[in-house]
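Bear in mind the structure is a predicted one, so any value in this text is a computation, not a measurement. The chains referred to below are lettered A, B, ... by the order of the sequence lines, with proteins before strands, and numbering in each begins at 1.
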Protein chains: 4
Amino acid sequence: MNTIGKLYRLTSFGESHGPALGGVIDGCPPGVRISVERIQQELDRRRPGQSVLTTSRQETDKVEILSGIFEGMTTGAPIGFLVRNTDARERDYGNLKDIFRPSHADYSWQMKYGHRDYRGGGRSSAREHVSRVVAGAIACQVLDEVGVSIRAFVSRVGNVSLDVDYRQLDLALSESNPVRCPDAAVAERMMEEIIRVRELHDSVGGVVTGVVQGVPMGLGEPVFDRFQARLAYYLMGINAAKGFEYGEGFHAATMRGSEHNDEMLPGENGPCFRTNHAGGILGGITTGEDICFRVAFKPVPTIGREQHTVDKAGHPVAFTASGRHDPCVAPRAVPVVEAMTAMLLLDALLEADSWHRFVGLKK
Amino acid sequence: MNTIGKLYRLTSFGESHGPALGGVIDGCPPGVRISVERIQQELDRRRPGQSVLTTSRQETDKVEILSGIFEGMTTGAPIGFLVRNTDARERDYGNLKDIFRPSHADYSWQMKYGHRDYRGGGRSSAREHVSRVVAGAIACQVLDEVGVSIRAFVSRVGNVSLDVDYRQLDLALSESNPVRCPDAAVAERMMEEIIRVRELHDSVGGVVTGVVQGVPMGLGEPVFDRFQARLAYYLMGINAAKGFEYGEGFHAATMRGSEHNDEMLPGENGPCFRTNHAGGILGGITTGEDICFRVAFKPVPTIGREQHTVDKAGHPVAFTASGRHDPCVAPRAVPVVEAMTAMLLLDALLEADSWHRFVGLKK
Amino acid sequence: MNTIGKLYRLTSFGESHGPALGGVIDGCPPGVRISVERIQQELDRRRPGQSVLTTSRQETDKVEILSGIFEGMTTGAPIGFLVRNTDARERDYGNLKDIFRPSHADYSWQMKYGHRDYRGGGRSSAREHVSRVVAGAIACQVLDEVGVSIRAFVSRVGNVSLDVDYRQLDLALSESNPVRCPDAAVAERMMEEIIRVRELHDSVGGVVTGVVQGVPMGLGEPVFDRFQARLAYYLMGINAAKGFEYGEGFHAATMRGSEHNDEMLPGENGPCFRTNHAGGILGGITTGEDICFRVAFKPVPTIGREQHTVDKAGHPVAFTASGRHDPCVAPRAVPVVEAMTAMLLLDALLEADSWHRFVGLKK
Amino acid sequence: MNTIGKLYRLTSFGESHGPALGGVIDGCPPGVRISVERIQQELDRRRPGQSVLTTSRQETDKVEILSGIFEGMTTGAPIGFLVRNTDARERDYGNLKDIFRPSHADYSWQMKYGHRDYRGGGRSSAREHVSRVVAGAIACQVLDEVGVSIRAFVSRVGNVSLDVDYRQLDLALSESNPVRCPDAAVAERMMEEIIRVRELHDSVGGVVTGVVQGVPMGLGEPVFDRFQARLAYYLMGINAAKGFEYGEGFHAATMRGSEHNDEMLPGENGPCFRTNHAGGILGGITTGEDICFRVAFKPVPTIGREQHTVDKAGHPVAFTASGRHDPCVAPRAVPVVEAMTAMLLLDALLEADSWHRFVGLKK
């Protein structure tokens with residue numbers, strides 16, 4: 001449904017061209033100081049119209065907090081929030097009422113719901129990510145108190161790929177260019193690729209890599225709520241995501257055990273790992289090593305080229321999109337990937353902490 | 001935790017070397033005829049000791065149904081079941097009490113739980129999959145009534161890959177060889193690869209491909225419970241899974257929209273799709289096209305070579321595994337992938353059906 | 001937490017003196033025509049300041065729908081909504097910052113949360129019921145299509161009790177007087193009692209009786225989600241509720257089986273019941289007979305008399321409430337009881353319907 | 001469904017006359033020492049055939065633990081368990097296949113499920129309580145470490161009532177007589193009443209009172225998961241329960257605020273309460289005072305007198321029960337009430353503890 005999380009939970013609502021998007025965050029611990037500016041900064045990172053690479057739709061994406069924060073601090077009560085839609089041009093989408101755009105949600109949603117808000121994709125629009133960014137930005141501020149940090153960046157746009165171990169990169173640099181790739185030279189080539197496909201009235205896919213540092217040991221709940229299974233669920237729930245992998249991911253399928261195994265050795269603060277092919281998770285539970293993962297995104301289906309499709313009556317029609325859209329979702333997906341990851345980490349942390357009294361007694 | 005599913009739910013219990021594994025299946029519709037032999041056949045497909053490629057542990061994996069099936073039919077009451085462990089040689093694992101085997105769950109579980117059943121991996125052992133196979137085999141029999149069929153096969157072992165569109169394969173052939181690859185020639189090379197790594201006292205990774213046919217339209221619940229997000233969750237919860245993709249998956253990241261989009265055209269029974277790059281899901285909801293996905297598995301961490309690790313006291317030790325194990329998990333993962341997929345399909349079907357009264361009235 | 005329901009779910013947010021109350025309704029079936037005026041009517045029934053018996057706080061309680069309803073019909077997407085607080089006089093409550101009012105939530109919430117919004121009770125205020133009334137009013141409109149109707153009324157105020165079988169009453173008359181009792185003579189005495197306690201600067205408890213008619217057979221899920229267990233949960237979650245009973249309730253404890261049993265006899269449309277001591281539920285599942293239940297409410301703890309209590313520093317203080325409040329909650333609890341009941345009925349109906357495909361095939 | 005709890009969860013299975021009853025307990029903290037004998041003692045308290053007041057069915061109710069406890073301590077893995085049925089006389093119930101017994105679950109279950117296990121009530125039998133007693137007995141042992149104790153006793157049988165404040169009773173005495181009433185004189189009269197109704201081939205209702213002592217402050221989650229709402233849900237899910245109240249309960253409806261309010265005063269360890277009309281819960285959250293509640297049970301519907309009913313074909317039949325049954329469920333409901341209460345307390349404790357890191361930092 002429209003709620004995610006067990007103890008830290010977001011319930012999201014809103015459509016692309018309705019009055020507002022928003023949500024309710026439940027289970028946020030009380031007494032944590034929250035900066036609304038930091039939430040707004042994250043929204044600004046995801047906001048359309050922020051660079052030449054993105055849609056020209058103009059939205060201020062201004063968040064209004066309605067409850068749950070009192071005198072600058074969380075109270076433990078649910079945090080209701082709202083982001084009004086301001087640049088919702090219905091005229092752009094009126095012609096979509098009766099047409100199933102190729103590779104959009106139009107057809108499957110029409111079949112499932114019978115009655116749907118077709119304006120700009122309605123509920124299926126990526127504008128819904130706004131709610132997640134708010135919940136993620138709050139989670140991040142809670143995680144700060146525990147020393148957890150989350151960073152994502154674009155590691156592939158079409159055939160332009162950043163094939164470097166993340167430990168050799170300065171991840172903070174990913175914010176220094178519109179494509180959000182921490183390697184300036186590769187970023188340049190990615191931007192060229194995006195501009196090229198836009199000129200061709202086409203779009204292109206991409207990959208976002210995420211890294212979590214300062215992860216507490218012991219997060220994750222076997223056997224079904226393994227940390228990686230929930231991480232996959234959180235990230236594959238982002239619009240346009242087509243694949244997820246962590247640690248060595250699909251590459252692990254080509255490896256030998258003797259290559260892939262991470263040997264352990266004594267360290268100053270307990271055992272440590274010689275390598276981290278595992279990606280920070282063993283047996284579904286975090287080891288304290290960095291969690292590293294990748295999410296693949298398909299090319300945006302909205303392209304300015306004529307395509308064959310059908311209308312609601314089942315008749316064939318030729319369709320050329322004219323609305324505003326990004327040629328590549330990956331750069332704007334970066335803050336969404338971070339937000340989803342932050343929500344999961346806080347949720348798993350709260351769940352693991354529920355045993356503190358007993359685990360503490362016994363260890 | 002140890003429950004999966006919203007309306008069709010499995011709660012699993014049991015350890016590798018405890019008295020029994022088992023579970024409770026809740027939410028199975030009443031009045032469906034269930035063949036216990038078909039459940040047993042699925043267990044036999046996953047059972048150890050079934051071929052030269054697998055561990056020599058001998059388990060009959062005989063299922064006992066304790067409730068919920070009366071006069072051969074489901075009653076809607078929970079189905080409790082049990083599989084006793086019979087070949088649990090504790091002597092194989094006594095030496096593991098104090099050692100953290102590289103890339104196993106030993107270390108992370110010890111840190112999380114403090115007190116754990118270390119015998120043969122305990123709860124973290126892949127023997128736990130037995131419970132899933134039972135729940136999947138029952139789900140399959142329910143899905144039969146709706147015309148849904150699920151097939152998985154091994155599409156990669158190390159560097160041996162089956163790179164053919166599944167529509168050009170006879171998927172039934174995957175059961176004709178121990179490696180469960182439907183192309184006999186490729187299967188032969190995969191088997192050679194597995195035997196080779198075993199001789200090297202090593203292990204190797206692999207990929208399992210899944211195909212669902214006869215999928216009803218309209219399964220999946222945006223925005224967080226998109227069908228693909230839940231599918232990823234179900235499949236990434238299998239031991240040793242490192243990556244998940246559906247449709248074009250990671251390859252989609254390299255594609256243009258004009259290539260990736262699936263055009264629609266009029267068909268005899270409503271609109272149909274020219275291609276299925278989407279993998280049967282649009283906007284989180286099934287389209288009625290086949291669902292196609294892939295799961296990457298890491299090489300088994302248990303290898304017969306000396307590795308460096310540490311013991312519970314933090315001292316370095318050299319460790320060489322002597323227990324029984326598979327050199328490649330992929331062949332025995334095939335029935336588990338099918339089982340998890342079946343559970344999800346039934347769950348999503350029940351959820352979608354809950355609206356039948358209203359959707360039916362209005363359409 | 002702040003979400004209730006399995007398939008029809010309300011997530012509620014907001015504080016008494018914050019900017020707004022509101023919520024998100026998830027799982028509402030698509031294609032159902034919704035009248036916003038009917039929602040507003042229900043809010044008006046619960047609104048403060050509606051009669052001489054209630055608090056003088058003036059709130060218009062105007063609902064704004066933010067999503068999920070398009071062209072007057074539900075779309076299956078979550079329904080976000082908002083009710084702005086307009087008459088939030090902080091000066092009334094500034095003095096409550098450091099005092100624990102007797103029998104209010106002040107003390108327990110301070111202990112649990114450490115940091116809380118103390119203005120007018122904050123999240124613990126009965127103003128939160130606004131969100132429930134909206135979700136209930138929408139559920140009622142969906143239930144209308146299935147022929148289910150829900151009626152509640154006041155059956156006791158202090159020692160004034162309406163001791164008549166509900167089948168001998170015209171339940172519609174309960175809206176004809178401010179105390180919401182369908183018997184005009186008893187209503188008169190209840191009103192006198194409420195006015196009397198108000199003059200004494202005191203408050204008084206009451207009982208609300210609920211009746212559901214047109215209930216489909218087969219709602220409820222044993223063994224834990226019995227219909228009555230969920231009904232108790234929904235209703236005991238209303239502020240000030242102290243007891244719940246259905247059918248004969250506590251009186252059943254004094255009865256013999258031969259008195260309490262409902263004999264069955266053949267009827268025109270299948271078996272029917274000679275009596276309905278059971279209250280419409282057997283073995284946790286609805287029988288199709290009317291569901292009848294009662295909820296006890298304590299006297300409002302806010303009274304205009306001096307009481308002993310302590311402040312946050314632990315010092316004794318004498319406290320006399322000066323804020324606006326009702327002398328008896330029962331009349332304004334009536335629409336809340338109806339709303340909670342409606343939400344549960346729709347939820348249980350959707351759950352029962354999820355099996356329609358299989359149960360339909362087999363019967 | 002058949003799972004209860006959020007963090008400490010029981011999933012139950014089994015039918016009265018099937019091979020076994022059992023369940024899976026998930027979320028039990030690791031490292032807690034568990035005595036299987038104490039579990040067995042609780043089962044023995046609920047066991048049939050234990051006194052002259054109960055059914056003569058002979059069941060040893062011997063529990064077998066299948067997982068999750070290793071070397072006498074919990075591991076945090078799910079605890080699977082089993083109780084085999086041994087005295088399941090099918091001949092007693094063969095004649096029930098086609099008859100709907102008055103005020104039993106027969107009719108409603110037949111309508112809902114179409115196909116059901118009719119032997120001895122099948123899943124609707126109170127024998128299912130066995131699973132709850134096991135889960136409760138384990139929860140009690142965990143709660144022992146935190147100093148929480150739970151006691152229930154019979155406070156009414158028909159018109160024989162124990163009308164004394166529980167603080168004036170020695171609750172331990174309730175185990176000294178078969179009716180489980182801590183006042184010996186009243187117990188004697190209750191036993192006489194039960195024997196009398198049995199001689200009349202009739203049955204009688206009763207009330208069980210529960211008291212929880214040593215309750216931590218801060219349990220319960222507003223607004224829907226108020227402690228009392230969940231307690232009502234847990235207890236109204238017991239077979240034959242018809243009503244629930246806590247604190248002053250229904251009596252509160254007759255009281256004035258000035259009587260019912262609990263004044264506070266300074267105490268040695270922080271503020272304390274002059275009275276406890278509230279029953280230990282304010283605003284949905286525990287105050288640290290004793291929690292006191294009552295559950296009403298209907299008379300057992302199985303009576304040895306001829307009653308009118310119908311068969312599956314809809315024809316009228318005269319029916320006289322001949323199976324084994326209790327004339328009053330209250331005495332054997334006592335350990336079930338305690339078990340359900342223990343499960344909830346542990347669940348709420350774990351949930352409250354999940355915030356310890358943040359609440360601890362801030363207070």
With rounding to the nearest 0.5 Å, note down the distance linking [atom1] in [X] to [atom2] in [Y].
X      : Y     : atom1 : atom2 : result
B:Y118 : D:T75 : OH    : OG1   : 12.5 Å
B:L66  : D:E15 : CG    : CD    : 9.5 Å
B:Y113 : D:M73 : OH    : CE    : 15.0 Å
D:T3   : B:M1  : OG1   : CE    : 11.0 Å

For this session: Using modelled atom types only, decide if a donor and an acceptor are shared between the side chain of B:D26 and the backbone of D:N2 within a distance under 3.5 Å.
Result: yes
Problem set entry | B:E71 backbone acceptor or donor facing D:H115 side chain under 3.5 Å | no
For this session: Check each atom of B:L82 against the heavy atoms of chain D and say whether the ones under 4.5 Å are side chain, backbone, both or neither.
Result: side chain
For this session: Identify which of B:V24, B:D117, B:I65 forms the greatest number of heavy-atom pairs closer than 4.5 Å to chain D.
Result: B:D117
Problem set entry | Heavy-atom pair with the smallest gap, counting every atom of B:P78 and D:S12 | CG-O, 3.3 Å
So for [X], is it side chain, backbone, both, or neither that comes closer than 4.5 Å to the heavy atoms of chain B?
X      : answer
D:L21  : neither
D:T74  : backbone
D:R123 : side chain

